[in-house]
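We name chains A, B, ... by the order of the sequence lines, and we start the count at 1 in each one. Values below: every heavy atom of this structure, side chains too, minus hydrogens, waters and symmetry copies.
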There are 2 protein chains.
Amino acid sequence: MSKERHTVEDVAREAGVSLMTVSRTMNGRPGVGEETRRRVLEIAARMGYRPSPVARGLASRRASSLGIVLPDLANPFFSILAKAAVDEARGRGVNVFIINTDERPSLERAAYASLREERIAGVVVAASRLPARHLREEAASFDWPVLVNSLVTGAGIANVDVDDEAGIFEAVSHLLGAGRRHVAFVAGPRESGSARRRVAGYKAGLAAGGIAFDPELLVRAKPDIEGGMRSVVALLSRERRIDAVIAHNDITAIGVLRGLEAAGRGIPSDVAVIGVDDIPYAALVRPSLSTVRIDIPELGRRAMAALLDLRDGKVFEPGPCLRPELVLRESSGG
Amino acid sequence: MSKERHTVEDVAREAGVSLMTVSRTMNGRPGVGEETRRRVLEIAARMGYRPSPVARGLASRRASSLGIVLPDLANPFFSILAKAAVDEARGRGVNVFIINTDERPSLERAAYASLREERIAGVVVAASRLPARHLREEAASFDWPVLVNSLVTGAGIANVDVDDEAGIFEAVSHLLGAGRRHVAFVAGPRESGSARRRVAGYKAGLAAGGIAFDPELLVRAKPDIEGGMRSVVALLSRERRIDAVIAHNDITAIGVLRGLEAAGRGIPSDVAVIGVDDIPYAALVRPSLSTVRIDIPELGRRAMAALLDLRDGKVFEPGPCLRPELVLRESSGG
DNA sequence: CTGTTAGCGCTTTCAC
DNA sequence: GTGAAAGCGCTAACAG
């Protein structure tokens with residue numbers, strides 16, 4: 001067993017068959033006798049032969065690697081999602097390119113172009129920041145697109161989602177039930193599917209609680225700590241009676257926490273705060289953050305599993321949305 | 001400008017030159033007349049021609065993509081490092097495979113094997129968990145290995161480091177100066193270069209402060225929240241008088257914080273705690289965490305820049321270690 | 001400075 | 001069921 005890289009030819013010669021028989025065998029494709037297959041497999045294993053993904057990619061016009069594009073790898077939500085996804089992929093022997101779009105649509109489009117050039121055929125797109133039309137178009141350019149938390153659907157595109165609306169609905173209901181009357185909402189990016197669904201849940205929750213939706217209480221922020229802090233300034237300049245804030249995600253909510261402190265508001269005495277995601281730090285910040293919990297690793301695993309299944313020719317069954325769960329901590333006043 | 005993918009041949013035909021002239025031009029290689037080069041470039045651009053990274057990889061036996069391997073993408077230190085690194089690479093037009101080894105040496109070795117199969121020629125290895133001998137061997141199997149925070153050096157391998165020892169030395173000195181007498185240390189993985197340097201800094205700090213090193217006060221933990229919590233149990237079972245703990249990194253320190261609280265110790269009244277990294281959450285946990293700050297994005301950028309420079313044939317100049325900086329917050333008692 | 005000839009290691013297509 | 005031929009799109013190694 002030399003240290004050299006072997007090729008199909010070496011294996012073919014050794015097995016006394018043609019190149020193609022080895023190729024077919026390695027790809028588990030039909031057209032090879034049971035006995036031949038077994039022998040080829042055995043010999044390949046003994047020689048330590050591993051097909052070259054690069055050569056395969058060139059010949060088949062389809063790379064063996066996959067891609068995942070996300071807006072901000074520094075947000076624990078995405079890094080945990082990505083970790084789960086790449087781990088799932090590794091378990092099935094595939095490497096994945098992670099592309100960070102920095103919340104910028106232009107970089108996101110460049111990411112797709114780049115992945116196509118690499119002949120990547122399957123992608124997990126987490127929280128796209130592209131307008132529906134463009135995203136649908138981009139997704140269609142891949143053989144196996146999997147969209148996480150997107151409103152964009154279509155033939156040939158798989159969706160893996162969280163029931164954002166229900167989650168926020170519950171959060172709003174809880175706050176109203178606790179007597180809060182001026183519940184503000186710090187929304188995420190306009191093109192984000194979950195941002196839209198969360199806003200919908202917010203409005204539905206208010207309606208169910210008999211409170212009229214006040215546009216003044218809805219602001220949009222960049223989903224990071226900085227964005228959360230700024231949103232507080234905007235909010236308080238519009239309506240000083242705010243007694244609760246729900247933020248698009250935890251990282252934003254943490255910014256809200258700090259912004260409110262800077263503004264001298266007590267939490268939760270003056271203002272209750274609830275985030276979304278339950279990143280590990282939500283439980284550790286001061287005050288600890290109430291949040292709409294999402295099983296992030298499960299979401300990442302599901303998305304990558306869907307992608308791998310599609311690649312293997314299985315049909316994708318959407319399965320139920322992931323159900324988020326309201327976790328009450330200090331920031332919402334128990 | 002059709003929507004089709006063009007090949008070198010199309011460009012060559014259009015420009016009335018040979019295949020090779022186009023190839024040389026696209027790679028900025030010598031052997032092409034100034035005028036010809038300009039014309040080819042112009043035509044290629046007009047046609048929207050982009051060389052196929054896959055074909056290139058096959059022909060040159062060297063993929064255009066790079067790799068980064070790290071132990072835990074869920075640790076903000078690594079996700080922020082990775083983000084900075086992939087952003088730097090994207091700026092130069094290259095995609096990178098991120099491989100998460102889950103702190104497991106066996107997965108790390110598998111990662112290298114897998115990257116070699118993809119014909120990846122350059123890798124950034126952040127915080128390897130492999131014994132020096134093996135790591136050196138693995139590194140040598142790549143054209144451009146860049147090791148971050150590793151003790152392993154060698155011809156052809158680039159190192160990007162943080163002055164861990166100085167950072168911990170300062171932390172220990174501070175604690176001793178504040179009157180703490182039983183300073184424990186929760187070390188990181190045995191094979192980690194920074195773990196070793198940090199332990200060295202700890203011992204040096206004690207020595208400088210005239211305190212004898214007590215092996216009972218040094219425990220090793222898996223560098224995550226869970227590991228930090230457990231280390232407290234181990235530590236307190238050995239020596240109840242501990243009045244300060246320095247942890248290998250912030251994520252571990254946060255675990256220590258929780259562990260101490262669970263044990264009924266006041267922070268910083270009974271025990272002072274200091275971490276390393278200054279991940280964004282260090283300032284947000286309760287009590288806020290004092291830490292030895294590292295400029296994480298800069299570290300990631302440096303590593304990837306070194307890799308890209310090596311790839312481009314430039315010589316790597318180590319440059320000075322990144323200097324960490326002690327940041328005092330509540331957990332160390334001001 | 002430029003072009004020609006061989007592949008890189010596999011899959012595709014079409015024979016048998 | 002199996003194999004031979006013809007590339008995939010590019011670069012290496014020579015030749016001029």
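- B:Asn75 places a side-chain N or O within donor-acceptor distance of the main-chain N or O of B:Phe77, the cut-off being under 3.5 Å.
- Distance CD (B:Glu34) to P (C:dC1): 9 Å, rounded to an integer number of Å.
- Under the salt bridge (charged side-chain N to carboxylate O under 4.0 Å, His left out) test applied with B:Asp143, the options B:Arg62, B:Arg116, B:Arg61, B:Arg119 reduce to a single match, B:Arg62.
- Results of the side chain to side chain contact (heavy atoms under 4.5 Å, CB included) test with B:Thr25 over B:Val32, B:Val11, B:Thr36 single out B:Val32 as the only residue that passes.
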Nucleotides 8-16 of chain C: protein proximity per nucleotide (B base, S sugar-phosphate only, - neither; heavy atom, under 4.0 Å): BBBBB----

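- For C:dC1, neither phosphate oxygen OP1 nor OP2 lies less than 4.0 angstrom from any side-chain nitrogen or oxygen of B:Thr21.
- In this structure, A:Arg38 does not pair ionically with A:Glu35, as no charged nitrogen and carboxylate oxygen lie closer than 4.0 Å.
- D:dG3 atom C1' lies 16 Å from atom CZ of A:Arg13, rounded to whole Å.
- Across B:Glu108, B:Glu138, B:Glu191, a single residue satisfies side chain to side chain donor-acceptor pair (under 3.5 Å) together with B:Ser128, and that is B:Glu108.
- Sorted by first and then second residue, the ring pair (Phe, Tyr, Trp, His ring centres under 6.0 Å) pairs with a member in residues 85-104 of chain B read A:Phe97-B:Phe97; sequence neighbours excluded.
- Rounded to a whole Å, the CZ atom of B:Arg39 is 12 Å from the C1' atom of C:dT2.
- Within 4.0 Å of A:Gly31, counting heavy atoms only, lies at least one base atom of the nucleic acid.
- Each end of the helix from C:dC1-D:dG16 to C:dC16-D:dG1 gets its own axis from five base pairs, and the two axes differ in direction by 30°, given to 10 degrees.
- With B:Leu147 as the partner, the side chain to side chain contact (heavy atoms under 4.5 Å, CB included) test is satisfied by one option alone out of B:Val124, B:Val160, B:Ile157: B:Ile157.
- Looking only at distances, no side-chain donor or acceptor of A:Asn95 sits under 3.5 Å from a matching main-chain atom of B:Ile99.
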